[in-house]
Amino acid sequence: MYPDKILCVWVLKKGGRFLCLELSHVDTPVFKQLYDYYSFSVIPVLGELVAGDRDSYQYLVESVRRFPPQEVFASMIADAGFQKVEYENLVGGVVVIHSGLKI
C-alpha cells in the first residue's frame with residue numbers, strides 16, 4: 001500500500017534534523033468520527049464555495065487518509081537511515097510532527 005522507500009531526497013549535513021509536518025490519522029475514536037464528518041462533508045463544500053473547486057478539496061481529504069499512519073511513516077524514516085526517529089501527535093492526531101537525525 002505504501003512505497004518501499006520514501007520518495008524524497010533529503011539533503012542534510014551530519015547532525016542535521018529532519019522535520020515533517022503532516023495531516024495524519026486521528027487516534028481518538030469519538031474525535032475521529034467528528035473529524036471524518038468534517039473532512040468529507042464540510043471541507044469539500046468549503047472548497048467549492050471559496051475556491052470553486054470541490055474536487056481538489058475532496059482529493060486532499062482522501063489523500064490524507066491514504067498517507068501512512070504515524071507508526072508506519074516513522075518506520076519509513078528510520079529505514080531511510082535516520083536515527084532518533086520520533087513523532088508527536090497534535091490535535092488528537094489530525095496533525096503530526098515527525099523528526100529524525102542524520103548521524
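Along the sequence shown, residues are numbered consecutively beginning with 1. Note that this is a predicted model, so its numbers are computed, not measured.
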For this session: Working to the nearest 0.5 Å, report the span between OG of Ser24 and CG of Asn89.
Result: 6.5 Å
Exercise. If you draw a 6.0 Å radius around OH in Tyr57, do more than 12 non-hydrogen atoms from other residues or ligands fall strictly inside?
Worked result: no
Problem set entry | Test item: Lys102 and Phe18 side chains (from C-beta on) under 4.5 Å apart, heavy atoms | no
Exercise. Are the side chains of Val96 and Glu88 in touch, meaning some heavy atoms are under 4.5 Å apart?
Worked result: no
Exercise. Crowded around Phe31 CZ? As in, over 12 foreign heavy atoms under 6.0 Å?
Worked result: yes
For this session: Flag the pair Val42 / Leu46 as yes when at least one side-chain heavy-atom distance between them is below 4.5 Å, and no otherwise.
Result: yes
Seminar exercise, completed: Across all chains, not counting sequence neighbours, the ring pair (Phe, Tyr, Trp, His ring centres under 6.0 Å) partners of Tyr35 are none
For this session: First locate atom CD1 of Ile97, then atom CD of Gln70, and finally report the distance between them rounded to the nearest 0.5 Å.
Result: 12.0 Å
Seminar exercise, completed: Residues at least two apart in sequence or cross-chain that pass salt bridge (charged side-chain N to carboxylate O under 4.0 Å, His left out) with Asp36, listed by chain then number, are Lys32, Arg65
Exercise. Looking only at heavy atoms, which two atoms of His25 and Pro69 are closest? And how far apart?
Worked result: CD2-CA, 3.4 Å
Problem set entry | Expected output: side-chain Lys84 to main-chain Gly100 donor-acceptor under 3.5 Å | no
Exercise. Looking at Leu19 and Ser99, what are the two nearest heavy atoms and their distance?
Worked result: CD2-CB, 3.4 Å
For this session: State, with a plain yes or no, whether a side-chain heavy atom of His98 is found less than 4.5 Å away from one of Val85.
Result: no
For this session: Group every Ile, Leu, Val, Met, Phe, Trp and Tyr by side-chain heavy-atom contacts under 4.5 Å, then state whether Phe67 and Val95 land in the same group.
Result: no
Exercise. Do Val30 and Val26 belong to the same hydrophobic cluster, where Ile, Leu, Val, Met, Phe, Trp and Tyr are linked whenever their side-chain heavy atoms lie under 4.5 Å apart, directly or via other members?
Worked result: no
Problem set entry | Same apolar cluster: Leu12 and Ile77, side chain cutoff 4.5 Å | yes
Exercise. When you measure from the side chain of Asp53 to the backbone N and O of Ser56, does any donor-acceptor pair fall under 3.5 Å?
Worked result: yes
For this session: Determine whether Tyr87 and Phe73 make a side-chain contact, defined as any pair of heavy atoms from C-beta on separated by less than 4.5 Å.
Result: no
Exercise. Less than 4.5 Å apart, any side-chain heavy atom of Lys14 and any of Ile103?
Worked result: no
Problem set entry | Path from Val72 to Leu23 over hydrophobic side-chain contacts below 4.5 Å | no
Exercise. Between Arg54 and Pro44, which heavy-atom pair has the shortest distance, and what is it?
Worked result: CG-O, 3.6 Å
Exercise. Is Phe40 reachable from Tyr59 through a run of hydrophobic residues whose side-chain heavy atoms are each under 4.5 Å from the next?
Worked result: no
For this session: May I ask you to decide if Leu60's main-chain N or O and Ser63's side chain share a donor-acceptor pair within less than 3.5 Å?
Result: yes
